[in-house]
Amino acid sequence: MSDLSEWATLRIQKGFKDKEKLHVSASNGIIQRDQSPMETEIGGLRKSRSQDIQQGDFELGDVFYFAKKGFEAIVEDEVTHRFSSEELISWNLLTRTNNNFHYVSLRVTLIWVLGLFVRYCILLPLRVTLATIGISWLVIGATLVGQLPNSRMKNWFSELVHLMCCRICARALSSAIQYHNKENKPKKGGICVANHTSPIDIIILANDGCYAMVGQVHGGLMGIIQRAMARACPHVWFERSEMRDRHLVTERLREHVSDISKLPILIFPEGTCINNTSVMMFKKGSFEIGGTIYPVAIKYDPQFGDAFWNSSKNSMVSYLLRMMTSWALKCNVWYLPPVNKQEGEDAVQFANRVKSAIAKQGGLVELSWDGGLKRGKVKDSFKEEQQKNYSRIIVGENKSLKPTTH
């Protein structure tokens, strides 16, 4: 056991050093980043070459500013690694999540093989059985409840079926969830917004209360589940063509929120899954609906299983298989005090305020970048903004950028 103890000690020590590096701010990173405006930095470059920025001429040396910014973005990229699994401090006997992992000894390998047997031959069959029971009960129970006339009793039975199903599915993942500040739980007629790590976020939150789901209509098994849920209580499902109509989506959501007898809507404003180390830009659409916002922060412990779903690399089936063969799913959920839009505050400012509160409570890094960068390129508007800023330097602040007419 001496080899195992020595290996574990070295891995933990190295892990703490790596973790300290991850928490170092950008200004103390590999390079010194200058947060000054473009005009100031280019002005400094020109002065070093005895050139005056007020001349309004193009200088070939200005390219060094853009090259410097490019190198900074590459060396200290704070966005793209949010779309891959978080690096662990020490090996958790699951997959080789640490890039530096290598063969240590026969004893460690035997321990891993034993863990593999326990996870795949004992835990996996039990969890699949529980998940099957939970999903079957949701379809059957919600269908039966849907036959009842609209009444308080129907709502009570519907919430009971949803809670039982989600709690069975949570057990199927060996979930250990701790909820904080339950006095701030979302109430009917409100909107619950949370940071997004995986589809399992829905089960984590619905394990402690019922929500109205929002999403696109699907076919197959997912479609059967959606139709059964819609019979039992009001959910907001959209056809694929309707999802593109932003006005229609907003009106449907606003209509739901205006009825205080309906369940709170559950929305993930990031629009995509992030690896639970940061919170990225919140889409403003969720904050244009009106009503009370109930922020929720979700933080997973990756030591027992990585909850992050990288939908661009892993299918839903492979992701669920990975989760059901993990040791457990441990996480903390914080219900934050409800908030409303302040006077003179627009939807973007409101979204940023809620995002900051969630990031602070969950110990997550707050980023202003759009989560859509996982699949797409940087928007042209960002590039155009930089081009406009540089054009002002070239032509001068007092000269018009509009073309002259002849």
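All heavy atoms count here, side chains included; hydrogens, waters and symmetry mates do not.
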With under 30° as parallel and over 60° as perpendicular, where do the rings of F287 and F350 fit, or are they tilted in between? perpendicular

With R254 via side chain to side chain donor-acceptor pair (under 3.5 Å) - residues at least two apart: E251

Could you walk me through whether L205 and I298 pass the side chain to side chain contact (heavy atoms under 4.5 Å, CB included) test, one step at a time? CA-CA 9 Å; L205 294 177; I298 306 174; 4.1 Å; yes

Between [X] (side chain) and [Y] (backbone), is there a donor-acceptor pair under 3.5 Å?
X	Y	value
Q226	Q216	yes
E270	M280	yes
S136	I133	no
K355	L367	yes
N207	I203	no
H235	M213	yes

Quick check for you: to the nearest 0.5 Å, what is the distance between [X] atom [atom1] and [Y] atom [atom2]?
X	Y	atom1	atom2	result
C166	Y211	SG	OH	10.5 Å
R171	L130	CZ	CG	9.5 Å
N314	C273	CG	SG	11.0 Å
L123	S174	CG	OG	6.0 Å
I200	Y300	CD1	OH	6.5 Å
S175	R167	OG	CZ	12.5 Å

Minimum heavy-atom separation for [X] to [Y], with atom names?
X	Y	value
R231	T143	NH1-OG1, 3.9 Å
A142	A232	O-CB, 3.7 Å
R322	A307	NH2-C, 4.4 Å
I265	H256	CG1-CD2, 3.4 Å
L124	M324	CD1-CB, 3.8 Å
A131	A172	N-CB, 3.7 Å

Pairs flagged by salt bridge (charged side-chain N to carboxylate O under 4.0 Å, His left out) wherever residues 184-202 is involved - sequence neighbours left out: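 Of all non-adjacent pairs touching residues 184-202, those that pass salt bridge (charged side-chain N to carboxylate O under 4.0 Å, His left out) are E159-K188, K185-D208.
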
Verify the neighbour count for atom [atom1] of [X]: are there more than 12 heavy atoms of other residues, nucleotides or ligands below 6.0 Å?
X	atom1	value
E343	CD	no
L110	CG	yes
N150	CG	no
M153	CE	no

Side-chain heavy atoms of L321 within contact of V317, under 4.5 Å: no

Should H180 and Q361 count as side-chain neighbours, where that means a heavy-atom distance under 4.5 Å?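 SC-SC contact between H180 and Q361 ruled out.
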
Any chance you could lay out the side chain to side chain contact (heavy atoms under 4.5 Å, CB included) test for V217 and W237, step after step, and finish with the verdict? CA-CA 6 Å; V217 175; W237 305 123; 3.7 Å; yes

